[in-house]
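Structure record follows, encoded as structure tokens.
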Number of protein chains: 2
Amino acid sequence: MTSFFHVLNANRLLTELPTVERDGFMAVCENVELSFGEVLFQPTETITHAYFPIDSFISLIVVLDSDNRLEVAMAGREGMLGSSLVLGIEETPLLALVQGAGSALRITAENFQQLLLCSPVLHQRLKRYIYVVMKQLATSAACNHFHRIEGRLARWLLMTQDRAGSDQLNLTHEFLAMMLGVRRAGITLAAIALQARGLIRYQRGTITVLDRLGLIEASCECYNEDCALYAKMLPVL
Amino acid sequence: MTSFFHVLNANRLLTELPTVERDGFMAVCENVELSFGEVLFQPTETITHAYFPIDSFISLIVVLDSDNRLEVAMAGREGMLGSSLVLGIEETPLLALVQGAGSALRITAENFQQLLLCSPVLHQRLKRYIYVVMKQLATSAACNHFHRIEGRLARWLLMTQDRAGSDQLNLTHEFLAMMLGVRRAGITLAAIALQARGLIRYQRGTITVLDRLGLIEASCECYNEDCALYAKMLPVL
DNA sequence: AGCGCTATGTACGCTAGCGTGCCGACGCTT
DNA sequence: AAGCGTCGGCACGCTAGCGTACATAGCGCT
């Protein structure tokens with residue numbers, strides 16, 4: 001197995017493709033480094049590229065107005081950005097903000113859409129991915145409405161940990177407040193509660209997950225359901 | 001802003017198709033009557049049919065658990081049910097509840113997926129529809145989180161009015177409470193406020209829209225944005 | 001060592017909405 | 001005309017979370 005293949009292998013949507021499809025993809029993609037805070041897409045902007053994160057991850061955020069924004073989805077190595085290209089639409093409804101620096105494979109919108117025409121396996125897999133995202137969006141709507149900050153915070157930390165592949169996350173309360181659409185002080189209280197239960201430890205912009213199972217326990221059910229849905233629709237082959 | 005429904009008496013996704021595609025569709029679809037309260041899909045159930053409402057409309061509801069449910073989308077003659085079939089997935093994530101009785105065109109999952117293979121115009125239009133739904137799901141998440149009951153109620157009444165094609169809606173506060181994921185008493189207060197402003201009138205299970213423009217004024221911006229998005233992505237040809 | 005920026009802790013009063021329960025009014029049935 | 005089930009009005013205390021403000025504490029920089 002070549003190291004190049006290993007890199008490709010790192011995005012879960014691209015694993016185990018037929019050789020011809022993989023080669024086709026590799027021929028037209030490029031490796032890019034994404035840095036924290038980078039904005040890949042602005043809402044309603046035309047998409048020029050699709051991204052397949054390898055060890056980076058990106059938050060997808062609804063911007064209602066300048067005061068009200070809310071993260072509704074996240075894409076790491078299990079997903080992609082620019083999925084609306086799969087539907088033949090060259091615009092994105094959401095703000096895409098790089099939340100974990102790292103690398104990603106990038107492909108131009110045009111090449112990507114060409115490629116899909118002769119990559120039925122990939123195409124089908126990406127349609128399944130869109131279905132997963134739709135269900136997650138719907139669940140998010142209910143979760144944000146009904147669940148308490150503490151449970152939502154726990155869920156968010158778990159999702160981030162999965163994508164960062166590390167116990168240690170660089171996050172401020174301020175940033176978390178923006179993601180969850182709540183006050184910074186609200187995050188502080190929830191974080192104190194989680195820390196008091198020994199589930200996390202944090203200091204000045206770094207949060208460490210100490211007890212992953214306990215955190216799952218503390219999170220709302222939505223975390224487990226998200227995982228189960230992904231596993232069902234996009235199993236590791 | 002005017003609503004985008006009043007002109008047509010057929011399903012808007014099916015209008016202005018090339019003759020070949022329309023004939024193909026008509027050959028395999030059937031007309032069905034949907035009655036209030038009927039459940040067309042249960043979450044995670046296998047979909048057997050796609051529906052294209054004509055003068056009926058259907059609520060799509062996330063069921064978190066027995067206490068917590070929330071409407072996240074609505075499909076009337078501007079949309080369809082079973083859009084995941086367009087993605088090649090034969091299951092639905094949401095509860096589909098008939099909210100306005102009436103007729104719809106129905107087509108079996110198998111026929112539908114066959115048909116799409118030789119109906120490029122329809123296929124493309126339905127992919128655009130999925131994009132619209134995705135954006136609406138994302139916006140809903142933020143709207144339900146940030147906006148007050150009164151504004152959300154106004155928005156919901158407008159959306160329902162558009163799809164019912166009538167000023168008079170048969171709705172109880174109880175039902176509205178379930179849709180918006182709030183208390184019945186919360187709806188009563190919001191409804192009193194809207195009535196006091198002369199925007200609606202209601203009485204024992206019937207709500208009449210008196211001042212549509214005023215109601216738009218009272219609703220959150222999400223209503224206008226939904227309309228604008230649909231108009232942009234799926235214009236009348 | 002001291003400065004200053006930023007992250008976090010905390011406290012204040014306030015509001016929206018919750019859960020609940022009760023009552024009256026409407027209107028359908030008999 | 002009476003009875004009854006459903007619908008809507010309302011009131012109670014309660015909670016989560018808001019907006020705001022200010023204080024402390026860690027950390028990099030000079």
Side-chain angles (χ1 to χ4, degrees), chain A residues 36-37 64-71 99 141-157 168-197 200-208 218-220, chain B residues 36-37 64-71 141-157 168-197 199-208 218-220:
Chain A
F36 177 80
L64 275 187
D65 51 63
S66 55
D67 296 331
N68 295 327
R69 42 183 64 195
L70 180 65
E71 192 205 57
Q99 203 237 303
C143 174
N144 292 330
H145 184 69
F146 290 114
H147 295 152
R148 311 278 121 240
I149 293 181
E150 193 175 324
R152 289 173 58 208
L153 175 59
R155 175 186 173 211
W156 198 92
L157 291 174
Q168 219 168 288
L169 313 171
N170 292 316
L171 300 163
T172 64
H173 293 189
E174 188 78 48
F175 181 80
L176 289 164
M178 196 191 77
M179 290 298 107
L180 301 194
V182 299
R183 287 182 316 155
R184 198 265 304 157
I187 296 292
T188 299
L189 290 179
I192 287 170
L194 293 177
Q195 188 168 55
R197 291 164 67 179
I200 62 172
R201 175 161 37 85
Y202 64 93
Q203 66 163 332
R204 258 194 111 64
T206 308
I207 298 188
T208 310
S219 73
C220 54
Chain B
F36 177 80
L64 276 187
D65 52 63
S66 56
D67 295 331
N68 295 326
R69 42 184 63 196
L70 179 65
E71 193 205 57
C143 174
N144 291 330
H145 184 68
F146 289 115
H147 295 152
R148 309 281 120 239
I149 294 181
E150 191 174 326
R152 290 174 57 210
L153 175 59
R155 175 186 173 211
W156 198 92
L157 292 174
Q168 218 167 289
L169 312 171
N170 292 317
L171 300 163
T172 64
H173 292 189
E174 189 79 46
F175 181 80
L176 289 165
M178 196 191 76
M179 290 296 108
L180 301 194
V182 299
R183 288 182 315 156
R184 199 263 303 158
I187 296 292
T188 300
L189 290 179
I192 287 170
L194 293 177
Q195 187 168 57
R197 291 164 68 179
L199 308 179
I200 62 172
R201 174 162 36 85
Y202 64 94
Q203 172 201 25
R204 259 193 112 66
T206 308
I207 298 189
T208 310
S219 74
C220 55

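Residue numbers begin at 1 in each chain, while the letters A, B, ... track the order of the sequences.
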For the [atom1] atom of [X] and the [atom2] atom of [Y], what is their distance to the nearest 0.5 Å?
{"X": "F146(B)", "Y": "D67(A)", "atom1": "CZ", "atom2": "CG", "value": "9.0 Å"}
{"X": "S219(B)", "Y": "E150(B)", "atom1": "OG", "atom2": "CD", "value": "10.5 Å"}
{"X": "M178(A)", "Y": "L176(A)", "atom1": "CE", "atom2": "CG", "value": "10.0 Å"}

Quick one: [X] [atom1] to [N] [atom2], roughly how many Å, whole number?
{"X": "M178(A)", "N": "dC18(D)", "atom1": "CE", "atom2": "P", "answer": "15 Å"}
{"X": "L189(A)", "N": "dC12(C)", "atom1": "CG", "atom2": "C1'", "answer": "14 Å"}
{"X": "E174(A)", "N": "dG19(D)", "atom1": "CD", "atom2": "C1'", "answer": "13 Å"}
{"X": "L180(A)", "N": "dC18(D)", "atom1": "CG", "atom2": "P", "answer": "10 Å"}
{"X": "L171(A)", "N": "dT8(C)", "atom1": "CG", "atom2": "C1'", "answer": "14 Å"}
{"X": "R201(B)", "N": "dG8(D)", "atom1": "CZ", "atom2": "P", "answer": "14 Å"}
{"X": "L176(B)", "N": "dG8(D)", "atom1": "CG", "atom2": "P", "answer": "9 Å"}
{"X": "N170(B)", "N": "dG27(C)", "atom1": "CG", "atom2": "P", "answer": "13 Å"}

Closest approach of [X] and [Y], non-hydrogen atoms and distance?
{"X": "Y202(A)", "Y": "T188(A)", "result": "OH-O, 4.2 Å"}
{"X": "T208(B)", "Y": "Q168(B)", "result": "OG1-CG, 3.7 Å"}
{"X": "L194(B)", "Y": "A218(B)", "result": "CD2-CB, 4.1 Å"}

What protein N or O atoms touch nucleotides 14-17 of chain D N or O atoms at under 3.5 angstrom, if any, and at what distances?
residue	atom	partner	partner atom	Å
dA16(D)	O3'	R148(A)	NH1	2.7
dG17(D)	OP1	R148(A)	NH1	2.9
dG17(D)	OP1	I149(A)	N	3.2

Considering only nitrogen or oxygen atoms on both sides, find all protein atoms under 3.5 Å from nucleotides 28-30 of chain D and state each distance.
none

Exercise for the section: Could you label the plane-to-plane angle of the F175(A) and W156(A) rings as parallel, tilted or perpendicular, counting under 30° as parallel and over 60° as perpendicular? Expected result: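 Perpendicular.
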
Practice task
Measure distances between side-chain N and O atoms of R204(B) and base N and O atoms of dC26(C), and say whether any donor-acceptor pair falls under 3.5 Å.
Solution key: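 Such a pair exists between side chain and base.
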
Practice task
Mark yes or no for a side-chain to base donor-acceptor pair under 3.5 Å between R184(B) and dG9(D), with no hydrogen or angle criteria applied.
Solution key: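 It does, because a donor-acceptor pair links the side chain of R184(B) to the base of dG9(D) below 3.5 Å.
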
Practice task
Considering just the side-chain nitrogens and oxygens of Q203(A), establish if one lies under 4.0 Å of OP1 or OP2 belonging to dC27(D).
Solution key: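 Looking at the OP1 and OP2 atoms of dC27(D), one of them is under 4.0 Å from a side-chain N or O of Q203(A).
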
Practice task
Establish, with yes or no, whether the OP1 or OP2 oxygen of dG9(C) is under 4.0 angstrom from a side-chain nitrogen or oxygen of Y202(A).
Solution key: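 Checking Y202(A) against dG9(C): at least one side-chain N or O falls below 4.0 Å of OP1 or OP2.
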
Practice task
Report the residues that fulfil ring pair (Phe, Tyr, Trp, His ring centres under 6.0 Å) with H147(A), sequence neighbours left out, ordered by chain and then residue number.
Solution key: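 Counting only residues at least two positions away or on another chain, H147(A) forms no ring pair (Phe, Tyr, Trp, His ring centres under 6.0 Å).
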
Exercise for the section: Indicate yes or no for a side-chain donor-acceptor contact from H145(A) to the backbone of G181(B) under 3.5 Å, with no hydrogens or angles considered. Expected result: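 Judged by distance alone, yes, a pair lies under 3.5 Å.
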
Handout entry: Sugar-phosphate only, base, or nothing, as touched by I192(B) at under 4.0 Å among non-hydrogen atoms
Key =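 Answer is sugar-phosphate: I192(B) comes under 4.0 Å of backbone atoms only.
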
Practice task
Under 4.0 Å between any heavy atoms, over every strand shown, what does A191(B) touch: base, sugar-phosphate, or nothing? Just pick one.
Solution key: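 The answer is nothing, as A191(B) stays clear of every strand by at least 4.0 Å.
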
